[in-house]
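Let me begin by presenting the structure, written as structure tokens, before commenting on it.
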Amino acid sequence: MSIYGLYSGDDGQSHLVELQMSGSGPPMNELLPCTGWRPFQSESGRSQSRHPTPMIGMTIMLGGCMKISVGGGKLREVALLKGDTLLVLDTHGEGHATAITGPDDLRIVGLGFEKTDWPTIQEHFSGWPDNLLAP
């Protein structure tokens, strides 16, 4: 299981970075904020050209493979697989492109956050770079 951050950099490009969870987090009975969630599925072979995300959130991969491509940074492309998580924060600039690859259909759960949730998100995941534009 990998955790990636997709963010807007101060260079106008979207970037990918591998993240780690920080600390143990709050107790299980103290939930963190979320504006909503939705399941999503799509057939393999679909793609979408570069676009910034309309809202910040978290994508949890349940099945299939989704390739994310960006224009900036050292890590320019990643293939998300079952069990991987993507924190999506690239609300500015050129954005990212996606492609659903492989033989299996994509199945994900997406959770939405408010921009004001950024400090909480940042606190629970380490590895964020200095050139990140806060959402």
Side-chain angles (χ1 to χ4, degrees):
M1 176 189 103
S2 296
I3 304 169
Y4 296 96
L6 173 61
Y7 68 94
S8 301
D10 56 11
D11 60 358
Q13 298 287 322
S14 288
H15 297 257
L16 284 162
V17 64
E18 192 157 6
L19 302 172
Q20 301 295 320
M21 289 182 69
S22 299
S24 60
M28 288 298 290
N29 62 346
E30 293 180 24
L31 300 177
L32 296 174
C34 170
T35 59
W37 66 278
R38 71 180 182 129
F40 178 80
Q41 59 184 358
S42 183
E43 54 281 340
S44 183
R46 295 189 67 190
S47 63
Q48 190 172 20
S49 60
R50 286 232 169 121
H51 62 283
T53 188
M55 60 180 278
I56 67 171
M58 179 186 289
T59 299
I60 302 167
M61 297 289 295
L62 302 177
C65 179
M66 181 169 59
K67 185 169 73 171
I68 305 287
S69 302
V70 298
K74 293 178 184 174
L75 182 60
R76 299 280 177 115
E77 190 173 277
V78 67
L80 301 172
L81 303 171
K82 183 177 179 178
D84 290 344
T85 299
L86 179 68
L87 290 157
V88 185
L89 307 169
D90 68 331
T91 57
H92 311 291
E94 287 189 13
H96 62 278
T98 60
I100 303 167
T101 62
D104 298 325
D105 290 347
L106 175 72
R107 293 180 299 127
I108 63 174
V109 170
L111 297 106
F113 302 118
E114 296 289 344
K115 290 182 180 185
T116 54
D117 295 331
W118 166 240
T120 303
I121 296 166
Q122 186 177 27
E123 174 185 336
H124 292 287
F125 297 93
S126 63
W128 297 108
D130 294 335
N131 71 331
L132 180 141
L133 292 178

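Keep in mind that this is a model prediction, so the values were computed, not measured. Numbering of residues begins at 1 and proceeds along the displayed sequence. Side chains included, hydrogens not; waters and symmetry mates left out as well; all remaining heavy atoms used.
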With a 4.5 Å cut-off on side-chain heavy-atom distances among I, L, V, M, F, W and Y, is there a chain of contacts connecting [X] to [Y]?
X    : Y    : result
L87  : I60  : yes
I121 : L86  : no
I56  : V109 : yes
M61  : V17  : no
I3   : F113 : yes

Heavy-atom donor-acceptor pair, [X] side chain to [Y] backbone, under 3.5 Å:
X   : Y   : value
H51 : A97 : no
S2  : D84 : no
S8  : T91 : yes

Check your understanding: Is it the case that more than 12 heavy atoms not belonging to Q41 sit under 6.0 Å from its CD atom?
Key -> no

Roughly how far apart are [X] [atom1] and [Y] [atom2], rounded to 0.5 Å?
X    : Y   : atom1 : atom2 : result
Q48  : I68 : CD    : CD1   : 9.5 Å
T101 : M66 : OG1   : CE    : 10.0 Å
E114 : C34 : CD    : SG    : 10.0 Å
D117 : T35 : CG    : OG1   : 7.5 Å
M1   : K82 : CE    : NZ    : 14.0 Å
R76  : S69 : CZ    : OG    : 10.5 Å

**Study point:** salt bridge (Lys or Arg N to Asp or Glu O under 4.0 Å) partners for E43, two or more places apart
**Key:** R46

Revision key, fill the gap. Note: S44 and D105 closest approach over all heavy atoms is N-OD1, 3.2 Å

Exercise for review: Taking all heavy atoms of H96 and all of T98, pick out the closest pair and write down the distance.
Suggested key: CD2-CG2, 3.7 Å

Review point. Can you find a pair of side-chain heavy atoms, one from H15 and one from L75, that are under 4.5 Å apart?
Key: no

Check your understanding: Does the pair L6 and S14 meet the rule for a side chain to side chain contact (heavy atoms under 4.5 Å, CB included), with working shown?
Key -> CA-CA 7 Å; L6 173 61; S14 288; 4.3 Å; yes

Exercise for review: Going by the side chain to side chain contact (heavy atoms under 4.5 Å, CB included) test, name the single residue among L89, L111, V88 that passes it with M58.
Suggested key: L111

For residues 126-135, run the donor-acceptor check on the side chains, cut-off 3.5 Å, and write out each pair with its distance to 0.1 Å, sequence neighbours left out.
from: W128; atom 1: NE1; to: F125; atom 2: O; distance (Å): 3.0
from: N131; atom 1: OD1; to: Y7; atom 2: OH; distance (Å): 3.1

